[in-house]
Amino acid sequence: MGKRKSSKKPPPKVGREPLSTQFKCLFCNHEKAVTAKLDKQTMFGSLSCKICGQKFTTPINNLSAAVDVYCDWVDACEEVRQKQPKKTRPPAPPPPLAHGSGGGATFDITNAHVARADAAARRAAGGDDSDDDDPPPPRIGYGHDDDDDEDEDEARDRSKRRRREDPDDDDDDDDDDDDDDE
């Protein structure tokens, strides 16, 4: 005897979600700010943004949906953007640390000679011996003159002298003669 065929129930129909009629605005980037309206009598679809007021209208057919109007708007915006000339930026200024190796101000020796010559000419012409109008003499060098630098130089010289005086002291620490320095 054969087996009876069982009748299978048909699968339930999946309900389709309706396509959205609200979209993100391309200009103000607000979500669900653009609403699409399809007028099948005049065969035109229109979009309008509630936030920025941007509007777009395009011809449609009987099979068109709101998504199609939105896609036409995106394509039209992209086409306009491609037709515009590319924006060129002005050249960027040099970074602030590009002027010198240490990032400080550079010194032009020719300007210093000119300033000295001008001051000498003014003194000779006017006979004025005061240096109130003269610019201060330029400092040549990269370091700064502080008392700390002199202290460091003196300490370095003392340690060199100490090494020369005591050749048997093979360790590099300065703990041997620290009592008489202080």
Side-chain angles (χ1 to χ4, degrees), residues 2-119 121-122 131-149 152:
K3 196 176 186 184
R4 282 190 184 181
K5 290 185 177 179
S6 62
S7 62
K8 293 183 179 178
K9 293 182 180 177
K13 292 185 177 180
V14 177
R16 293 184 190 170
E17 293 182 20
L19 295 175
S20 177
T21 59
Q22 294 183 339
F23 305 99
K24 179 179 179 178
C25 181
L26 299 177
F27 293 94
C28 65
N29 291 326
H30 282 89
E31 293 288 334
K32 296 185 179 182
V34 175
T35 56
K37 293 181 183 176
L38 302 175
D39 190 3
K40 299 276 184 172
Q41 291 177 350
T42 60
M43 301 300 281
F44 278 99
S46 62
L47 297 173
S48 63
C49 178
K50 296 182 247 179
I51 308 297
C52 66
Q54 193 67 240
K55 293 183 180 181
F56 176 76
T57 303
T58 186
I60 59 170
N61 59 28
N62 288 334
L63 300 175
S64 296
V67 175
D68 297 325
V69 177
Y70 183 75
C71 289
D72 288 345
W73 185 41
V74 171
D75 293 340
C77 289
E78 186 68 25
E79 188 176 315
V80 168
R81 189 181 66 81
Q82 287 178 353
K83 287 182 181 178
Q84 291 179 346
K86 291 187 175 184
K87 294 181 182 178
T88 58
R89 293 184 181 177
L97 295 179
H99 296 293
S101 62
T106 57
F107 175 71
D108 187 8
I109 195 75
T110 58
N111 291 341
H113 291 297
V114 172
R116 287 182 188 162
D118 290 343
R122 279 195 308 260
D131 291 336
D132 296 337
D133 298 341
D134 297 340
R139 291 185 177 179
I140 299 175
Y142 294 104
H144 54 283
D145 297 332
D146 285 335
D147 294 334
D148 296 337
D149 292 338
E152 290 174 9

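What's counted below: heavy atoms across the whole structure, side chains too, no hydrogens, waters or symmetry copies.
Ring orientation note: the planes of F27 and W73 are tilted relative to one another, at an angle of 30° to 60°.
Rounded to the nearest 0.5 angstrom, D68 CG and N61 CG are separated by 7.5 Å. The CZ atom of F23 sits 7.5 Å away from atom SG of C71, with the distance rounded to the nearest 0.5 Å. Atom-to-atom distance recorded for H30:NE2 and K50:NZ is 11.0 Å, nearest 0.5 angstrom. With rounding to the nearest 0.5 Å, the separation of CE in M43 from OG1 in T58 is 11.5 Å.
In K40, the NZ atom is crowded: over 12 heavy atoms of neighbouring residues, nucleotides or ligands sit closer than 6.0 Å.
At least one side-chain heavy atom of L38 sits less than 4.5 Å from a side-chain heavy atom of V69. The shortest side-chain heavy-atom distance between D72 and F56 falls under the 4.5 Å cut-off.
Across all their heavy atoms, L26 and C77 have their closest contact at CD1-SG, 3.8 Å. The two atoms that bring V67 and S20 nearest to each other are CG2-O, 4.3 Å, heavy atoms only. Counting all heavy atoms, side chain and backbone alike, C28 lies closest to I51 at SG-CB, 3.9 Å. Closest approach of D39 and I60 over heavy atoms only: O-CD1, 4.1 Å. Taking every heavy atom of both residues into account, S46 and T57 meet most closely at CB-OG1, 4.0 Å. Heavy atoms only, all atoms of each residue included: C49 and C25 are closest at SG-SG, 3.7 Å.
Remark: side-chain polar atoms of K24 are not paired, donor with acceptor, to backbone N or O of A33 under 3.5 angstrom.
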